[in-house]
There are 2 protein chains.
Amino acid sequence: MTKWNISPVNSYSYEPLRIQVYNVLREAIVNGEFMPDEKLTELEIAEHLSVSRTPVREAFRMLEQEELITIIPQQGVFVSGIKSRKEIDDLFRVRVELEGLAAYLAARNINEEQIKQLKKYAEEIEQCIEENDLKGCVRIDIAFHRIIKEASANKWLERFLDNLFMQATRFRMKSLAQEGRMVNALNEHRRLGEAITRGEAELARRYMEEHIQAAWKSILAVFEEEHKDQKGV
Amino acid sequence: MTKWNISPVNSYSYEPLRIQVYNVLREAIVNGEFMPDEKLTELEIAEHLSVSRTPVREAFRMLEQEELITIIPQQGVFVSGIKSRKEIDDLFRVRVELEGLAAYLAARNINEEQIKQLKKYAEEIEQCIEENDLKGCVRIDIAFHRIIKEASANKWLERFLDNLFMQATRFRMKSLAQEGRMVNALNEHRRLGEAITRGEAELARRYMEEHIQAAWKSILAVFEEEHKDQKGV
DNA sequence: ATGGATTTTTTTGTTGACAAAAGTATGATA
DNA sequence: TATCATACTTTTGTCAACAAAAAAATCCAT
């Protein structure tokens, strides 16, 4: 039973099992613990986590709405995977728009506490780059975007960005690993953070749009590289 | 047992019960069959639809991800309702952006079949206005936006717009019922449809943004009217 | 009557059992 | 050997029963 490395659920938690199972599975999918297109069977997951099928089924229904899995009735549950260039384009086309809006709103709403955090991350990421700490970079990149998302203080925007973010996560590491991408991202973050801090909303939006577009291009490059000898398969 | 007027499920359908229940409940919520903040108990819904609690529970998990209901663990399921001005603002702030993007993409992707439909709706809505047929207007307004959404051919955009659209539906009727709003909406639709048909993407985006902003203002007016003597309650 | 503790009822959370469909293996026939 | 029908296994869909928590009702003391 060591097929997967997924955290157990906590029997002493007051949270319903379905929510714990949901969290465990979401993490596992986002972190690539399950392979894309892999079939997840209720019983197997349930036994791994030592719960019955019911909470697993309910967790599946929740994950389905976020496109992390695909449920085909009477057949089963399959892990979603980004498989075509169009899917990447669809994802980033929307992300450019929504992250841009988030930056715009953040520049108008951000409070002192959040500004302080933004500055802290700016310093930390600089250090990560010096040490060539890829994982640290990814962690801070995520935190940076989270602050802006929260500062936008718009429920729908936050929800949608969460969805898109999870989908993009699998690519983030590979993208940042590219030569020069990390340093570019740092610079993009810096001027973006400054624009938000100064409350220049339209400028912040433009910088964010350019930042996401750069990430888009970078991820496409990774994708094309991975698929260059699989054309027409 | 005539508390609600909700459609029964079809025992001969091949669709799993959870999906049928989900569809029934979604329609009921969007059409205002349930009151906002009303508590839905599993057993009551199950008995109404002559199914067991299991498919009802699974339908609840699906509806939760769309914010149509709020689930509080160990307490129950409550119908969501738009209750504050900020919630309307949050909704429309994002909708302006996403509908605008949809119009932009539609102008670049739309096919002959969809153009024909767009023109058909333009004629039909004119007739509805003459006959002062409010329900017809709403129906066509929905169809009009659906065509543009589908023409955008972006999975994420379509999903998010669906979510926002459902939330806005409860207000749509009241908004269009306002003096002059129907005629304005018609004109906005017309120039928007023409821009899309001609493939003028940036123009289509601007027209759509203005159209959604007008709807926003109109809905705010309705909302303020309804709450003008409830300040500070 | 009012407030608070206690019992009763209702409702949610979880489980295991059964039915039905899909998937897999077996075997006969050409 | 390939193909098709049949039996077998696995997996999903649904249900009913039980456990535990929350909500409601009852009772008592003031």
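Proteins get letters first, then strands, A, B, ... in listed order; numbering begins at 1 in each.
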request  = For C:dG13, take OP1 and OP2 only and decide whether either is under 4.0 Å from a side-chain N or O of B:Arg61.
outcome  =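 So the side-chain polar atoms of B:Arg61 do come within 4.0 Å of the phosphate oxygens OP1 or OP2 of C:dG13, strictly under.
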
ask   = A:Arg57 side chain N/O closer than 4.0 Å to the phosphate oxygens (OP1, OP2) of D:dG13?
value =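 The answer is yes; a side-chain N or O of A:Arg57 sits under 4.0 Å from OP1 or OP2.
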
Say whether, by atom type as modelled, one donor and one acceptor occur between the side chain of [X] and the main chain of [Y] under 3.5 angstrom.
| X | Y | result |
| --- | --- | --- |
| A:Glu158 | A:Lys155 | no |
| A:Arg159 | B:Gln65 | yes |
| B:Asn31 | B:Glu33 | no |
| A:Lys83 | A:Gly81 | yes |

Specify the separation, in whole Å, of atom [atom1] of [X] and atom [atom2] of [N].
| X | N | atom1 | atom2 | result |
| --- | --- | --- | --- | --- |
| B:Glu42 | C:dG13 | CD | C1' | 8 Å |
| A:Ile19 | C:dG13 | CD1 | C1' | 11 Å |
| B:Phe60 | C:dT11 | CZ | C1' | 12 Å |
| A:Phe78 | D:dT12 | CZ | C1' | 11 Å |
| A:Ile71 | D:dT11 | CD1 | P | 17 Å |
| A:Leu43 | D:dT12 | CG | P | 8 Å |
| A:Leu17 | C:dT12 | CG | C1' | 13 Å |
| B:Glu58 | D:dG13 | CD | P | 8 Å |

ask   = Would you call the rings of A:Phe92 and A:Trp216 parallel, tilted or perpendicular, where under 30° means parallel and over 60° means perpendicular?
value =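 If you compare the ring of A:Phe92 with that of A:Trp216, the planes turn out parallel.
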
ask   = Aromatic rings A:Phe165 and A:His145: how do their planes relate, parallel, tilted or perpendicular, breaks at 30° and 60°?
value =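 Tilted.
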
Nucleotides 22-25 of chain D: which of its N/O atoms have a protein N/O under 3.5 Å away?
| residue | atom | partner | partner atom | Å |
| --- | --- | --- | --- | --- |
| D:dA23 | OP1 | B:Gln75 | OE1 | 3.3 |

Counterpart residues, side chain to side chain donor-acceptor pair (under 3.5 Å), relative to A:Gln213 (two or more places apart) =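 None.
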
query = Which sits closer to the 5' end of DNA chain D, A:Gly76 or A:Tyr14, going by the nucleotide each is nearest to?
reply =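 Closest to the 5' end, via its nearest nucleotide, is A:Gly76.
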
request  = Would you give the length of the straight line joining atom CD1 of A:Ile82 to atom CZ of A:Phe171, rounded to the nearest 0.5 angstrom?
outcome  =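 So the gap between those two atoms works out to 4.5 Å.
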
query = In Å and rounded to the nearest 0.5 Å, what is the CZ to NE2 distance from A:Phe144 to A:His189?
reply =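 Rounded to the nearest 0.5 Å, the CZ-NE2 separation comes to 5.0 Å.
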
query = Looking for any heavy atom pair under 4.0 Å, which part of the strands does B:Thr54 touch: base, sugar-phosphate only, or nothing?
reply =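 If one applies the 4.0 Å heavy-atom cut-off, B:Thr54 turns out to touch a base.
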
inquiry  = Please classify the nucleic acid contact of A:Leu40 as base, sugar-phosphate, or nothing, using heavy-atom distances under 4.0 Å.
reply    =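 Touches sugar-phosphate only.
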
Nearest-nucleotide pick for A:Arg53, side chain only, options being D:dT11, D:dC15, D:dG13 =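 Within the option list, the nearest is D:dG13.
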
key: A:Arg18, nearest nucleotide to its side chain (from C:dG13, D:dA16, D:dG13)   =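 The answer is C:dG13, which lies nearest to the side chain.
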
For nucleotides 7-9 of chain D, list the nitrogen or oxygen atoms of the protein found under 3.5 Å from its nitrogen or oxygen atoms, one pair per line.
none

ask   = Are A:Phe60 and A:Leu40 close enough that some pair of their side-chain heavy atoms sits under 4.5 Å apart?
value =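 With C-beta onward as the side chain, the pair touches.
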
